[in-house]
Amino acid sequence: MNALDGPILVTCDGSSPTLVAIPVANELARVLGATTHILYVGEHELTEPELLAELGLDRDQLERFALDQAIGEPAQAILEAADRLEAGAIVMCARCPHAGPAAEGQELGAVAAHVASSAPCPIVLVNPERGLAPWRIEELLVPYDGTPSTAAALHPAALLAKAADAHLFVVYVAQVHAAASEERGAMAVPRYVDQPQHEWPAWAGEFLDRLTCLCDDYDIEKLRLSVARGHPGREVLRFAREGGIDLIVVAWKGRMVQDHGEVARTILREAPCPVLLLRTEPPAEGAGSCHPA
Amino acid sequence: MATSSRLSTEPTSDPAWVIVEKGFELTREHELESIFALGNGYAGTRGSLAEGSRLSAPATYVAGVYARPPGATTPMPPHVGDWARLSADMEGQPIKVDLDRLLTHRRTLDLRQAILWREWRQSDPFGRITSVHGLRLLSLADRHLFLQSVLLVPENYESTIAVDVSLEGGRGEGPFAFAEIDPPGDGARVVLGAATLLDGELQPESKWKAELDLGAPRRLDRFVVVHTSRDGPEPPRERVKAHLEEVVAAGFDAAVEAHRRAWDERWRACDIAIEGDPAAQRAVRFAAYHLVSAVNPEDERVSIGARALTGDAYRGHVFWDTDVFMLPFFALTYPAAARAVLGYRRHTLPAARARAAHAGCRGALYAWESAATGDDVTPAMVLAPDGKVLRIRVGELEQHISADVAWAVWTYWQATADDRFLLETGAEILIETARFWASRAIREGDGRFHIRDVIGPDEYHEAVDDNAYTNVMAQWNLERAAELVRSLPGRWPADAQRILSAARLAPDEPAHWEQVAGSMHTGFDASSGLFEQFQGYFDLEEIDLAELEPRSAPVDVLLGRARVQGSKLIKQADVVMLLHLLWDRFPPEVREANFLYYEPRCAHGSSLSPAIHASVAARLGRRELAERYFRQAMDIDLANTLGNAAGGVHVGALGGLWQAVVRGFAGMDVSPTPGSLVFRPRLPARWSSLRLSLFWRGRPIEAALVPSSGEVRIEEVNR
């Protein structure tokens with residue numbers, strides 16, 4: 001299944017932090033022309049009115065949704081539902097609310113971590129501090145390090161931006177202690193800038209050509225390409241805050257333990273907006289928690 | 001109907017002569033188009049897919065033709081049409097590599113024959129398997145002639161194929177098609193003419209259908225001829241027509257053979273054979289291939305842009321790259337081409353004089369960045385990717401180029417003993433550039449001449465005073481001009497009066513040049529043996545480059561321009577460039593001290609830098625370091641570690657690579673014995689032998705260097 005192609009599965013257990021995912025899921029579904037499936041995972045089965053009351057929702061307020069419920073272990077129930085529905089994306093709360101940014105290693109709650117590591121589709125993680133305010137996709141941001149791996153996020157991000165008629169910011173963060181990628185087709189910031197008055201326009205032109213090739217009819221005038229320097233995660237967060245970004249789209253390989261997924265973890269820890277994780281490698285058999293052991 | 005089951009020639013089988021790309025990866029298409037570009041100095045064509053793809057950027061350029069479309073701030077070479085375009089479809093199903101099921105795909109740049117080969121098998125949705133073999137070349141024997149041949153075999157089907165080989169914007173006239181391009185703002189007219197044969201028969205039109213019988217090959221051959229109004233008084237269309245008739249009559253295979261012979265001759269004159277290092281062997285031949293492809297010995301009005309005729313980047317603009325990085329290759333292997341390249345500098349002297357006058361100086365100040373006329377075309381600013389507007393000051397302040405041109409003139413003359421060139425072209429350039437320096441350098445209170453407010457090769461530091469490279473090259477320029485003028489009456493009495501009279505040389509000018517040279521501030525400190533790169537350099541912040549590694553971006557991106565400007569980090573070889581160009585001017589201990597000082601502080605933010613460091617390190621006997629830099633230079637285009645080979649190959653860096661082999665590893669130098677060469681080889685450990693083909697003072701020579709036996713054999717050969 002193509003990324004973001006299918007119903008949008010939003011999960012909650014009725015607690016107020018988990019409800020933050022619903023406006024995000026609704027907007028995503030609206031933009032993509034998809035159905036919102038709300039999956040309530042609880043300890044016992046509820047009637048529809050009880051379910052709506054538990055969720056604090058009025059049926060008339062929702063557009064294009066379906067209600068579902070499951071009993072049992074939440075992560076497993078979510079993954080099964082996503083599989084069954086052939087979900088285009090899962091939208092859920094990232095973790096229990098903290099006072100201030102999450103500590104290192106606690107970027108995701110246990111359920112979110114388990115779902116993220118095994119989800120068969122992209123997952124949108126919403127910080128619990130976001131609240132229930134309406135959400136619109138007008139500005140997307142994609143961190144890019146020049147590799148085809150992170151470039152894998154560009155196409156779905158561009159498709160989403162096109163569907164939402166939104167701006168797309170691509171941020172390349174140049175950093176010390178980072179060797180050039182060996183991946184064929186990688187396109188980093190130029191290693192040599194002989195004459196900047198020619199190199200920068202040529203580089204930007206090449207980047208746009210490749211992106212146009214990936215996303216045939218995206219309005220290229222809504223694209224912004226920027227080069228920043230420093231810590232990639234922190235620079236992305238700075239751009240997100242300063243640019244009023246609505247959604248950060250991150251390509252990741254599915255692991256956030258130890259040294260892996262450091263950029264994704266930094267972003268998830270302090271993101272001022274929802275984060276869409278796009279997996280570039282399929283989940284391993286029996287994949288477990290993405291927290292450090 | 002004549003059929004042929006094979007093409008005119010076969011690919012070179014020796015892997016030391018080919019660059020191969022297997023498969024198809026769309027995102028790499030632009031860089032491959034650059035690497036696989038074909039050229040003959042008159043024109044260049046990117047190695048784009050004939051049928052195109054979603055990312056294809058086909059382009060053909062004609063040297064010396066620039067356009068300035070409305071709104072363009074600087075001139076640029078126009079695309080004169082995708083002459084190699086060929087589209088085909090079977091019953092409405094287009095044959096394209098990025099559609100359908102690719103079975104095999106292989107593109108080969110045959111450096112030996114300067115032919116781009118393509119072998120391709122694919123299956124369409126109906127299971128029909130087609131194999132295609134093709135070749136494409138820009139003739140070196142006839143620079144106005146481009147050739148393309150395609151052999152198509154329907155392996156398991158019969159069908160009808162519709163072919164379209166029409167020229168962009170072209171119209172048919174009998175069996176020929178013509179396209180005329182009038183680039184805006186240039187005044188030149190470019191005309192292309194094409195003729196197509198199918199199985200040896202001239203086709204009356206550019207679009208037709210052909211029957212495909214099971215397993216039966218069909219061969220398509222195309223002749224494309226190009227002329228411009230720059231080439232002569234006769235209307236280019238008439239010349240194209242006559243030329244097309246002539247080449248069609250002579251035959252396709254004959255044209256291919258003539259091209260192959262021309263390249264054979266070139267390789268005999270310039271090949272470098274390295275035993276023990278296949279990657280280095282291919283890289284050096286790749287360098288020589290693109291250098292030969294870039295130059296036209298028959299046209300003294302054009303030079304070579306920073307990306308030659310291989311891409312849009314740098315807009316065909318000419319920099320010191322040509323004079324200092326590329327010229328040595330031509331002077332020592334293709335003297336006629338070197339002479340033509342220097343002819344451009346002679347033709348653009350009026351613009352250089354005007355530029356000097358505008359700067360309040362005498363003589364000639366060549367533009368940092370120039371196009372057809374020699375006027376400065378450096379953009380004034382650029383939007384950097386961090387969103388900031390960057391003011392570009394090199395056009396205003398990077399003036400060492402005048403001395404670089406003088407160096408190129410002198411180097412050519414030393415290598416060729418072409419006195420006629422020196423007297424008719426070189427002398428004027430030497431005199432005018434010396435005049436510029438004599439007026440640019442100002443005597444100050446310390447009694448020394450200073451050159452303030454410049455940019456040296458290290459462009460991280462702008463508006464500096466007494467850049468060592470600029471001042472020493474200016475000093476050298478003044479010395480050579482004075483030396484030449486003083487020698488004219490005795491050595492060339494028949495020409496002396498003409499030259500001195502044309503230059504309106506005042507009797508005291510040579511003495512003044514010598515005085516300025518003798519009192520020039522160079523930044524040299526005898527106690528340390530170091531040149532201070534510019535005044536105040538030694539007081540700047542020390543940043544340890546090693547602590548930033550590994551890195552994949554230039555340091556000014558990583559640290560910010562302000563921080564780098566306040567530090568000792570330098571963009572590229574600057575004092576080290578001085579050592580490379582004027583090796584014998586400095587005693588061994590000065591060369592060593594300066595290299596050891598500046599090398600660790602050089603961030604190589606320019607593609608021109610690694611090869612120069614390889615050359616100097618090799619000459620200093622630092623072989624491991626030399627090899628490390630050499631491999632870094634090798635990878636610039638072939639590994640596409642730049643992220644921007646897409647815009648064209650880095651021809652200056654390729655010239656530097658060649659120099660690293662010849663001046664660096666082979667240790668070639670001019671002997672104290674007048675007119676002789678000496679070799680002091682310091683080959684990388686894995687090179688078991690090195691053979692060079694060169695020209696020296698009109699004599700073709702071959703040098704064979706075998707480290708294991710200590711053999712250094714130099715002999716004159718028959719070519």
Side-chain angles (χ1 to χ4, degrees), chain A residues 144-148 151-152 154-155 169-217 224-231 235 239 242-243, chain B residues 25-31 53-55 57 306 311-315 317 319 321 369 378-387 390 392 394-395 459 547-554 556-560 571-572 604-610 636 640-644 646-648 650 652-653:
Chain A
Y144 174 62
D145 66 3
T147 61
L154 289 173
H155 183 211
F169 288 85
V170 179
V171 176
Y172 180 98
V173 183
Q175 53 178 324
V176 295
H177 307 137
S181 170
E182 297 287 328
E183 288 188 57
R184 280 166 60 94
M187 192 185 153
V189 170
R191 173 69 177 82
Y192 306 103
V193 179
D194 292 12
Q195 298 287 302
Q197 66 272 25
H198 294 284
E199 296 287 358
W200 288 124
W203 179 74
E206 175 64 13
F207 182 87
L208 290 175
D209 281 346
R210 293 193 188 197
L211 186 66
T212 307
C213 183
L214 289 174
C215 323
D216 286 349
D217 50 3
R224 298 288 182 271
L225 172 63
S226 285
V227 174
R229 60 174 177 273
H231 184 280
E235 281 301 299
F239 264 88
E242 292 177 4
Chain B
E25 210 170 318
L26 188 63
T27 51
R28 294 196 64 230
E29 200 53 23
H30 285 176
E31 62 189 87
S53 72
R54 282 176 292 150
L55 202 60
D312 284 347
Y314 287 73
R315 303 168 80 92
H317 294 176
F319 299 76
D321 305 29
E369 185 174 334
T378 315
M381 60 191 74
V382 68
L383 182 62
D386 61 1
L390 203 59
I392 301 300
V394 290
E459 290 155 350
E547 289 187 359
L548 303 179
E549 301 292 345
R551 63 185 173 91
S552 59
D556 61 332
V557 172
L558 290 174
L559 302 180
K571 180 180 178 182
Q572 65 192 78
H604 305 286
S606 164
S607 68
L608 299 172
S609 191
I636 285 171
N640 192 29
T641 54
L642 298 175
N644 56 358
H650 295 69

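To find a chain, count down the sequence lines: A is the first, B the second, and so on, and within it residues start at 1.
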Do you know which of [options] has the most heavy-atom pairs with chain A at a distance under 4.5 angstrom?
| options | answer |
| --- | --- |
| B/Pro385, B/Gly387, B/Ser606 | B/Pro385 |
| B/Asp321, B/Asp556, B/Val382 | B/Val382 |
| B/Gly560, B/Ala384, B/Gly311, B/Gly652 | B/Gly560 |
| B/Leu383, B/Val557, B/Asp312, B/Asp386 | B/Val557 |

Can you give me the closest heavy-atom contact between [X] and [Y], atom names plus distance?
| X | Y | result |
| --- | --- | --- |
| A/Val189 | B/Ala553 | CG1-CB, 4.4 Å |
| B/Leu55 | A/Asp209 | CD1-O, 3.2 Å |
| A/Pro190 | B/Pro554 | O-CD, 3.1 Å |
| B/Ile636 | A/Tyr192 | CG1-CE1, 3.8 Å |

Part of [X] within contact of chain A (heavy atom distance under 4.5 Å):
| X | value |
| --- | --- |
| B/Ile392 | side chain |
| B/Ser53 | neither |
| B/Glu459 | side chain |
| B/Leu26 | side chain |
| B/Leu558 | both |

Pick out which of A/Glu199, A/Gln195, A/Gln197 makes a side chain to side chain donor-acceptor pair (under 3.5 Å) with B/Tyr314.
A/Glu199
Under the side chain to side chain donor-acceptor pair (under 3.5 Å) test, which residues partner B/Glu547, sequence neighbours left out?
none
Run the side chain to side chain donor-acceptor pair (under 3.5 Å) test against A/Arg229 and tell me which residues pass, sequence neighbours left out.
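Not a single residue meets the side chain to side chain donor-acceptor pair (under 3.5 Å) criterion with A/Arg229.
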For A/Ala174, is it the side chain, the backbone, both, or neither that has a heavy atom closer than 4.5 Å to a heavy atom of chain B?
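It is both, since atoms from each part get that close.
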Would you mind checking which part of A/Phe207 comes under 4.5 Å of any heavy atom in chain B, side chain (CB onward), backbone (N, CA, C, O), both or neither?
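Contact with chain B involves no heavy atom of A/Phe207 at all.
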Side-chain heavy atoms of B/Pro379 within contact of A/His198, under 4.5 Å:
yes
To the nearest 0.5 angstrom, please state how far the [atom1] atom of [X] sits from the [atom2] atom of [Y].
| X | Y | atom1 | atom2 | answer |
| --- | --- | --- | --- | --- |
| B/Thr27 | A/Glu206 | OG1 | CD | 9.0 Å |
| A/Asp194 | B/Phe319 | CG | CZ | 9.0 Å |
| B/Arg54 | A/Arg210 | CZ | CZ | 13.5 Å |

